[in-house]
Amino acid sequence: MRVLAIDTSNLVLSVAVMDETRVLGEWTSNQNKNHSITLMDGISMVLNQCKVEPEELDGIAVAKGPGSYTGVRIGVATAKSMAWALQVPVVGLSSLQAVAMNALGYSGGIVPLFDARRGQVYTGLYRSEQVVTVKNELPDRIMLLTDWLMEVKEAVGDESLLFMGEDLHIHQAVIQETLGNQAIFPAPTLYHPRAAQIGWLALQEFKQGKGTDAHELVPDYLQVAEAEAKWLAKQEK
Amino acid sequence: MYILGIETSCDETSAAIIQDGTKILSNVIASQAEIHKRFGGVVPEVASRCHVESITLTIEEALQEADKTWDDISAIAVTYGPGLVGALLVGVAAAKAISFAKGIPLIGVHHIAGHIYANRLVEEMEFPLISLVVSGGHTELVYMKEHGHFEILGETRDDAAGEAYDKVARSLSLPYPGGPHIDRLAHEGEAQIKLPRSWLEPDSYDFSFSGLKSAVLNTLHNATQRGEEIKPADLAASFQESVVEVLIEKTIRAAKQYKAKQVLVAGGVAANKGLRTALEIRCEKEGIKLIVPPLILCTDNAAMIGAAGTILYEKGIFASLDLNGMPGLLLTE
Ligand SMILES: [Zn+2]
């Protein structure tokens, strides 16, 4: 089964083509270029180099958030439109899980995070399973980093915690201060999401017949739009 | 020849199949108006979220209603500006993805060119022509000497006509969107309140509505202070009369100067009955051919994008996969 995987949910843009046995090709850029301009050319380039025609794809995988609202939408709109046009299944996966996959095989808790401004982070707690996949132990959420650190420590006790993500440098000092040696910071080569990891996760889902109907695929923003939040708050008063 | 049109520049997700640039086979519009009502205006983030939810369903419906498959489609025409950038990006991403997946040529369409070309779905265009574009975001007089050629003779220096309508509606505590309510109210009242007409320089085709809007607010304010009551219907009628008079005078002057064979009205405010009726009467008197699209083609829709895209298709002007959403795209670009 041949899968096209994409991630545009944050600054990194990543595209991969793969099947169950290997990654045929992957392109990842961390140049903060406009994803809207670059994504389709990137897809075209990777498919071209892998000598795969669009109609030879059997499924599409996409990082569906959390992340930049616009970035996530570009990825999801592209993935669902392609999947629908090609009549193949599509799967949306957590952008955090994609990053956590880079720590496959790590024995402690895996904590991917993206900055969400005002001291908040998008994050979750993951755990490696048999060097095949990472599973969610505490679900993805947006919350104050300081609160999150307390919660995650409570969940894992004295176990080590591997922190990862492109925005880590913003929060590293606070994490270190709060958790001391319990917090591990790996090499930065593990920080950025790789589309092949999303493709791999999607292949597990497709194998179980879990693909989504393209029309149904929507982003996972993890929070309502600001105007919506304000409106809801006003209703409660 | 069949063109798929896609439009997501504001709060309508729309897809349409157009035959030969003139015939609508389908025009599916998923409106978010109800969703934005409670916010008192279109919220860009909410609009973008809605677009991504309904984009493929809308396109599928357009194909099914037209009874066409991808093999029948010659090109995909999509609005890439101007508009809300997050909203535009959803349509552009979808159009590019399908264009690439199915190997169908891609065309980028200017939203206002679309509004103008809505007229070609009613009647064949004859050049030269003058188009009055009036919507929530635009008030422009456009001169066209041939297909695909646009020259802006004048535009608003402050508020768009539709914006002025919405603001006046708010001051009268009318629900959002206010334009249609003013129009309705105006027909129940009499234009007996004196309000200014902003002509600007004698030879200018530009517009300005902020002075008029302020005059309306002042009138209301002064009346409240004096404890007088102003009939909202009369104020609406007086306001509408001022807007319509300026729009029509400038349009007719341009039509005469450029020896226009047709005057076209485009944009959401073209749905305004007061404007339509007054223009009809005036154009008939002046012997000028007037075309106003039916209501459904005045507000945002993809049929007009398909119609405008057809001209680009015939001229061989295609977009590449790096097409981007351009919130401030100019008609003359
Ligand atoms: Zn419009």
Side-chain angles (χ1 to χ4, degrees), chain A residues 4 6 8 33-45 47-48 53-57 60 62 64-65 68-88 90 92 213-219 221 223-232 234-235, chain B residues 4 6 8 13 15 35-61 63 69-70 73 76 78 80 84-104 106 319-327:
Chain A
L4 168 72
I6 58 181
T8 56
K33 290 275 163 56
N34 190 323
H35 293 334
S36 164
I37 295 175
T38 325
L39 176 62
M40 279 317 300
D41 278 330
I43 292 174
S44 170
M45 178 189 76
L47 283 174
N48 234 321
E53 295 294 326
E55 55 269 26
E56 292 173 313
L57 293 169
I60 314 259
V62 62
K64 64 170 179 179
S68 134
Y69 293 166
T70 300
V72 167
R73 267 194 293 272
I74 290 169
V76 169
T78 301
K80 74 189 282 186
S81 302
M82 261 188 97
W84 169 65
L86 294 169
Q87 304 244 296
V88 298
V90 64
D213 173 44
H215 296 316
E216 305 290 318
L217 181 68
V218 289
Y221 305 101
Q223 56 182 344
V224 297
E226 206 176 323
E228 193 100 28
K230 278 186 186 152
W231 184 83
L232 288 169
K234 220 162 89 187
Q235 303 311 300
Chain B
L4 164 65
I6 299 175
T8 64
T13 316
I35 295 164
H36 295 283
K37 226 177 193 165
R38 64 199 157 111
F39 304 118
V42 176
V43 178
E45 175 60 23
V46 174
S48 306
R49 289 185 177 200
C50 291
H51 286 311
V52 82
E53 281 166 24
S54 46
I55 184 72
T56 52
L57 265 175
T58 308
I59 301 171
E60 182 172 80
E61 229 179 290
L63 279 169
T69 67
W70 290 122
I73 305 299
I76 302 172
V78 64
Y80 73 114
L84 305 170
V85 65
L88 287 166
L89 284 176
V90 175
V92 168
K96 291 200 293 186
I98 298 166
S99 158
F100 174 74
K102 305 304 283 184
I104 301 170
L106 179 73
S320 50
L321 289 180
D322 60 0
L323 183 72
N324 196 12
M326 312 278 273

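Below, chains carry the letters A, B, ... as their sequence lines are ordered, and counting in each starts from 1. These numbers were taken from a predicted model, which means no experiment stands behind them.
Taking a 6.0 Å sphere around CD of A:Gln87, one finds it holds 12 or fewer heavy atoms contributed by other residues, nucleotides or ligands. Counting heavy-atom neighbours within 6.0 Å of A:Glu55 CD, excluding the residue itself, gives a total above 12.
The shortest non-hydrogen separation linking A:Tyr221 to B:Val52 is OH-CG1, 4.0 Å. Shown here for B:Ala101 and A:Met82, the closest heavy-atom pair between the two residues is CB-CG, 4.2 Å. Minimum heavy-atom separation, B:Thr56 to A:His215: OG1-ND1, 2.8 Å.
When each of B:Val43, B:Ile55, B:Leu57 is scored by its heavy-atom pairs under 4.5 Å with chain A, the top score falls to B:Leu57. Counting heavy-atom pairs closer than 4.5 Å to chain B, the top residue among A:Ile43, A:Val224, A:Val72 is A:Val224. Interface remark: of the candidates B:Val46, B:Leu89, B:Ile98, B:Ile98 forms the most heavy-atom pairs closer than 4.5 Å to chain A.
Note: A:Ile37 CD1 to B:Leu323 CG = 9.5 Å, rounded to the nearest 0.5 Å. For the atom pair B:Glu53 CD and A:Arg73 CZ, the distance stands at 10.0 Å (nearest 0.5 Å). To the nearest 0.5 Å, atom CZ of residue B:Phe100 and atom CG of residue A:Leu39 are 10.0 Å apart. Distance CD1/B:Ile6 to OG/A:Ser81: 7.5 Å, rounded to 0.5 Å.
The part of A:Thr70 that comes within reach of chain B is its side chain, from C-beta onward, which places non-hydrogen atoms under 4.5 angstrom from that chain. Both the backbone and the side chain of B:Lys96 come within less than 4.5 Å of a heavy atom of chain A. Residue contact with chain B, scored on non-hydrogen atoms closer than 4.5 Å, is absent for A:Leu57. Contacts between B:Leu63 and chain A at a heavy-atom distance below 4.5 Å involve the side chain alone, from C-beta outward.
Of the charged side-chain nitrogens involved, at least one lies within less than 4.0 Å of a carboxylate oxygen, so that A:Glu228 and B:Arg38 count as a salt-bridged pair.
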